[in-house]
2 protein chains.
Amino acid sequence: MHNMPQPHDHQHCIDDAMARARELCLRRQVKFTRIREQVLACVWANHQPVGAYTILEEIAKESDRRPAPPTVYRALDFLLDNGLVHRIASLNAFVGCKDPSHHHQGHFLICRQCRNVIELDADIINSAISTAATQYGFVVETPCVEVVGCCAGCRELSDNE
Amino acid sequence: MHNMPQPHDHQHCIDDAMARARELCLRRQVKFTRIREQVLACVWANHQPVGAYTILEEIAKESDRRPAPPTVYRALDFLLDNGLVHRIASLNAFVGCKDPSHHHQGHFLICRQCRNVIELDADIINSAISTAATQYGFVVETPCVEVVGCCAGCRELSDNE
DNA sequence: AATAAAATGTTATAATATTGCATTAGCGTG
DNA sequence: CACGCTAATGCAATATTATAACATTTTATT
């Protein structure tokens, strides 16, 4: 279980993520209901952030029942609360969390080109932020780091042009 | 000219910001029109991020003419392009830029309590991000760092409770 | 004054998100 | 099992943020 992008067996990502979610909900005694499962599956369909209304459409396609926006948002809220997905503020979109077992905000590398997101949780970034913040007497609670750039795969591709 | 919050003469901030803007637009040969000036003044009214529609309302109050949303957004786009304001993605809101003379994305410390924003541009953060990103072959273009926490002033206040 | 470019006005609408209330499902207790 | 409680979902309406498309006005320049 890692941060992916770079060619990989994505079905494995999905299966893993769903299994982890099921297990985690069991352990926490919270309910992994159908809609929550559908939404999570949708988020994990790939490593690109997906918007709430896209999720809604996807579910409408699959299940010939169209959930209303609040239904999707509530499922997303549940998943966010349980650390199963992250929200990318700069994109108004959601990605699966690579490690829901411990709460963390995570840092996100967003490829401008393929739009894939790599999730990190780099101590070096957190401490840099804390250090800088401390100089202003500011105590960090939740850092939000969303970095747009170009991933290895895409640079390789454009190099070969 | 610095990052403020902590009690300070805010009129000075405003005057400075407006003067810098005027001068910078002159130098760049771009127009600092009335609506742009109004929007910038609104953003600088305090150190809290302000939403586009709030700006719209403020201007409606002052000038008994209500600009339409695109008018405000276009002014904001101009100000963003010229580095005179920053957009805080996680809040869908805008703050004045402390140093419009050179382009930079900036890092933001957002106080959960008073909602004031301190703008930094800390090399230590940028290099931490680059270092972490490089490990995944990711090349950073525009880092976006928005940190929620508690500022010095607010901690002092709550300590005295 | 004529013209072109830039800026603004105007209307409509898209995209994202939430509120409030009705209904249903799941679960524990008597 | 029936009851009642709580959590979850359904549903309608609406709030909030943002943009598209096109008309008009302003400005700078000739």
Would you say A/His103 has more than 12 foreign heavy atoms packed within less than 6.0 Å of its NE2? yes
Out of D/dA8, C/dA7, C/dT16, which nucleotide sits closest to the side chain of A/Tyr53? C/dT16
Sidechain N-carboxylate O distance under 4.0 Å for A/Lys61, A/Glu58: yes
Check whether any side-chain nitrogen or oxygen of B/Arg36 sits under 4.0 Å from OP1 or OP2 of C/dA7, and answer yes or no. yes
Tell me the interatomic distance from A/Asp77, atom CG, to C/dT19, atom C1', rounded to whole angstroms. 13 Å
Expressed in angstrom and rounded to an integer, what is the separation of B/Ile55 atom CD1 from D/dT17 atom P? 11 Å
B/Asn92 side chain: which of D/dA18, D/dA21, D/dA28 is closest? D/dA18
Atom CZ of residue position A/Arg34 - does it have more than 12 heavy atoms of other residues, nucleotides or ligands inside 6.0 Å? no
Positions of residues 64-73 of chain A (non-hydrogen atom under 4.0 Å from DNA chain C), listed by number: A/Pro69, A/Pro70, A/Tyr73
Please report the distance, rounded to the nearest Å, between CG in B/Leu56 and P in C/dT11. 14 Å
Side chain of B/Phe94 only, please: which of D/dT9, D/dA18, D/dA21 is the nearest? D/dA18
How long is the line joining CD of A/Glu57 and C1' of C/dA15, in whole Å? 12 Å
Heavy-atom neighbours of A/Arg115 CZ exceed 12 at 6.0 Å: no
Rounded to whole Å, please give me the gap between CD in B/Gln38 and P in C/dT8. 10 Å
Establish, from distance only, whether the side-chain atoms of A/His10 and A/His8 form a donor-acceptor pair under 3.5 Å. yes
Nearest-angstrom distance from the residue atom CD1 of B/Ile88 to P of D/dT17: 14 Å
Let me know the distance between CZ of A/Phe32 and C1' of D/dA7, rounded to the nearest Å. 17 Å
Ring centroid separation A/His107 to A/His86 under 6.0 Å: no
Using the six-membered ring wherever Trp is involved, compare the ring planes of B/His47 and B/Trp44 and label them parallel, tilted or perpendicular (cut-offs 30° and 60°). perpendicular
Separation of C/dA6 P from B/Phe78 CZ (nearest whole Å): 13 Å
